[in-house]
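Have a look at the structure below before the remarks.
Below, chain A is the first sequence line, B the second, and so on; all start at residue 1.
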Amino acid sequence: MCGRYFLDTLPELLAGQFRVHKYPVYSASYNIAPTQPALIVRRHDDDNEWAWVRWGLVPHWAKDASIGAKMINARGETVAEKPAFRGAFRYRRCIVPASGFYEWRTQAGGKQPFAIVPTDAACFGFAGLWEHWTAPDGSVLETSSVLTTSPNELMATIHDRMPVILDPTDYQTWMQATPTDASALIRPFPAERMRAYAVNKAVGNVRNNSVELTAPIESIG
DNA sequence: CCAGACGTTGTT
DNA sequence: GTCTGG
DNA sequence: CCAGACGTTGTT
DNA sequence: GTCTGG
């Protein structure tokens with residue numbers, strides 16, 4: 001699955017990789033967590049645009065926004081049918097840029113966190129969905145979710161799920177094609193194109209925007 | 001018909 | 001142990 | 001995902 | 001909003 005990630009790629013590289021004609025404005029974070037603001041790419045007026053949305057999709061019919069905390073991931077196998085996601089899957093697919101993501105391996109003695117990064121690009125692009133929700137007071141909240149799929153050979157050594165990662169050549173298909181064509185992109189990303197590093201210390205809570213990535217104990221892949 | 005859910009993950 | 005908040 | 005909390009009372 | 005369970 002994907003419950004925590006980081007983003008420290010330079011804005012000009014992000015704009016280039018995701019084909020947005022503006023630079024995103026943000027500061028690097030090594031601790032992007034559910035319910036926190038996430039940078040996404042989506043279609044708007046026949047163009048790609050950046051948007052900040054809250055991670056954790058709140059369906060339009062929700063009575064309050066708290067349900068979003070549970071909707072941080074959508075299973076790729078069922079996203080087209082589930083009431084909470086199908087509308088967003090049909091009409092509001094987006095991409096979530098991530099310099100890398102964390103995954104925890106349960107093992108004797110506790111959980112070992114790993115940071116997984118791309119080997120051939122500045123950034124991963126997660127397949128995502130976004131949604132808008134109108135609060136009782138009339139204010140609008142935009143939210144997002146990250147699709148998951150079965151793990152590749154590398155990720156299987158850590159966990160039994162992984163985020164859906166798109167090849168850059170598929171970005172526009174994901175956002176613009178029919179749901180049927182988009183569905184074909186829901187699959188494990190090649191293990192040869194990523195590398196996992198054991199992280200020295202647990203990520204910690206959201207207020208602690210730091211993690212040691214510089215001295216891997218162990219690398220895989 | 002109404003009431004209640006609507007999701008994912010992990011788990012010795 | 002399980003839920004909530006970030 | 002992890003960190004941190006985890007309650008009761010009384011109320012026309 | 002829409003489906004499922006009772």
(message) Just the rounded figure in Å: distance from P of dT4(C) to CD of Gln36(A).
(response) 18 Å
(message) Taking only the C1' atom of each, what is the distance from dG7(B) to dG4(D) in whole angstrom?
(response) 23 Å
What donor-acceptor contacts under 3.5 angstrom involve side-chain atoms of residues 88-96 of chain A, with partners at least two apart or in another chain?
| unit_1 | atom_1 | unit_2 | atom_2 | d |
| --- | --- | --- | --- | --- |
| Arg92(A) | NE | Trp130(A) | O | 3.4 |
| Arg92(A) | NE | Glu131(A) | OE1 | 3.1 |
| Arg92(A) | NH2 | Glu131(A) | OE1 | 3.1 |
| Arg92(A) | NH2 | Glu131(A) | OE2 | 3.1 |
| Arg93(A) | NE | Trp174(A) | O | 2.5 |
| Arg93(A) | NH1 | Phe89(A) | O | 2.7 |
| Arg93(A) | NH2 | Trp174(A) | O | 3.4 |
| Arg93(A) | NH2 | Ala177(A) | O | 2.4 |

(message) Quick check for you: to the nearest 0.5 Å, what is the distance between Arg105(A) atom CZ and Thr157(A) atom OG1?
(response) 6.0 Å
(request) Using a 4.0 Å heavy-atom cut-off across all strands, classify Arg54(A) as base, sugar-phosphate, or nothing. (result) nothing
(request) Classify the nucleic acid contact of Ser145(A) as base, sugar-phosphate or nothing, counting any heavy atom under 4.0 Å across all strands shown. (result) nothing
(message) As an exercise, state the distance from CD of Glu12(A) to OH of Tyr23(A), rounded to the nearest 0.5 Å.
(response) 5.0 Å
(message) Using the side-chain heavy atoms of Lys111(A), tell me which of these nucleotides is nearest: dT8(B), dG1(E), dT11(B).
(response) dT11(B)
(message) Taking the P atom in each of dT8(B) and dG1(C), what is the distance between them to the nearest angstrom?
(response) 25 Å
(message) Let me confirm one number: the CG-NZ distance from Asp47(A) to Lys22(A), rounded to the nearest 0.5 Å.
(response) 9.0 Å
(request) Would you give the length of the straight line joining atom CD1 of Ile165(A) to atom CE of Met194(A), rounded to the nearest 0.5 angstrom? (result) 3.5 Å
(request) Give, for atom CD1 of Ile67(A) and atom CG of Leu57(A), the distance between the pair rounded to the nearest 0.5 Å. (result) 9.0 Å
(message) Can you measure Arg4(A) atom CZ to dG5(C) atom C1' for me and round it to whole angstrom units?
(response) 11 Å
(request) Runs of at least three consecutive Watson-Crick or G-U pairs, both distances under 3.5 Å, are what I'm after; which ones involve DNA chain E? (result) B:1-6 with E:1-6
(request) Write down the distance separating the P atoms in dC2(D) and dT11(B), rounded off to the nearest Å. (result) 9 Å
(message) Does dT11(B) have OP1 or OP2 under 4.0 Å away from a side-chain N or O of Thr106(A)?
(response) yes
(message) Measure CG/Asp64(A) against C1'/dT4(C) and give the value in whole Å, please.
(response) 12 Å
(request) To the nearest 0.5 angstrom, please state how far the OH atom of Tyr171(A) sits from the OG1 atom of Thr173(A). (result) 12.0 Å
(message) Testing His21(A), Arg19(A), Gln172(A), Arg42(A) one by one against Asn48(A) for a side chain to side chain donor-acceptor pair (under 3.5 Å), which residue passes?
(response) Gln172(A)
Would you list the protein and nucleotides 2-7 of chain B atom pairs, both N or O, that sit under 3.5 Å from each other?
| unit_1 | atom_1 | unit_2 | atom_2 | d |
| --- | --- | --- | --- | --- |
| dG7(B) | OP1 | Pro83(A) | N | 3.3 |

(message) Against Phe6(A), only a single residue in Phe124(A), Phe101(A), Tyr102(A) fulfils ring pair (Phe, Tyr, Trp, His ring centres under 6.0 Å); can you say which?
(response) Tyr102(A)
